[in-house]
Amino acid sequence: VLLAEMTVAVGLLAVVLIPLTVGFFKESKQMRDLYQEAVAMEIVDGEMEILATGGVGGIISEGSQPYAINAAAATNLPPGKFSLTREGKTLRLEWQANEPLEHLRVNREILLP
């Protein structure tokens with residue numbers, strides 16, 4: 001009887017702990033994605049402020065080009081790329097992670113004077 005009771009108790013623990021463990025792993029992945037998105041958002045917003053205040057001087061050509069950043073926080077981002085696009089008076093800075101995290105994307109647009 002004691003052996004049967006212990007078997008049922010272990011089974012109940014397994015039924016309860018397995019979904020909890022899976023939930024914790026999913027939550028930690030979601031938290032990591034949100035953190036990386038927040039870091040990218042801070043970098044993109046800061047660079048757009050610089051560009052909006054007159055840092056556009058060297059960006060004369062229309063189209064898209066890679067954009068180099070010097071932010072130390074970029075080391076907390078997964079591999080990805082920053083690109084700057086100019087279409088008329090619209091300037092857009094975008095960061096997108098490489099595969100398999102291409103769902104992580106941050107972009108900002110401003111109108112040039």
Between Val1 and Leu3, is a side chain to side chain contact (heavy atoms under 4.5 Å, CB included) present by the stated rule, with each step listed?
-> CA-CA 5 Å; Val1 172; Leu3 186 59; over 6 Å; no
Do Glu94 and Thr85 pass the side chain to side chain contact (heavy atoms under 4.5 Å, CB included) test, and can you show the C-alpha distance, the side-chain angles, and the key distance before you say yes or no?
-> CA-CA 8 Å; Glu94 178 179 34; Thr85 306; 5.8 Å; no
Output, in order, the C-alpha distance, side-chain angles, deciding distance and verdict of side chain to side chain contact (heavy atoms under 4.5 Å, CB included) for Ile69 and Trp95.
-> CA-CA 11 Å; Ile69 59 156; Trp95 173 80; over 6 Å; no
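Under the salt bridge (Lys or Arg N to Asp or Glu O under 4.0 Å) criterion, Glu109 pairs with Arg92, sequence neighbours left out. Applying the salt bridge (Lys or Arg N to Asp or Glu O under 4.0 Å) test to Lys29 and every residue at least two apart in sequence or in another chain returns Asp33. Partners of Asp45 under the side chain to side chain donor-acceptor pair (under 3.5 Å) rule, at least two apart in sequence or in another chain, are Arg108. Annotation: side-chain contact (heavy atoms from CB on, under 4.5 Å) contacts of Leu17 (sequence neighbours excluded): Leu13, Leu20. Take Glu37 and apply the side chain to side chain donor-acceptor pair (under 3.5 Å) test, not counting sequence neighbours, and it matches no residue. Checked against side chain to side chain donor-acceptor pair (under 3.5 Å), Asn107 has no partners two or more places apart in sequence or in another chain.
In this structure the side chain of Thr53 never reaches within 4.5 angstrom of the side chain of Leu51, judged on heavy atoms. No side-chain heavy atom of Pro66 sits less than 4.5 Å from a side-chain heavy atom of Ser83.
Put simply, CD on Glu49 and CG on Leu93 are 12.0 Å apart, with the number rounded to the nearest 0.5 Å.
Checking side-chain atoms of Glu62 against main-chain N and O of Gly88 turns up a donor-acceptor pair under 3.5 Å.
When all heavy atoms of Ile43 and Ala73 are compared, the pair lying nearest together is CD1-C, 4.1 Å.
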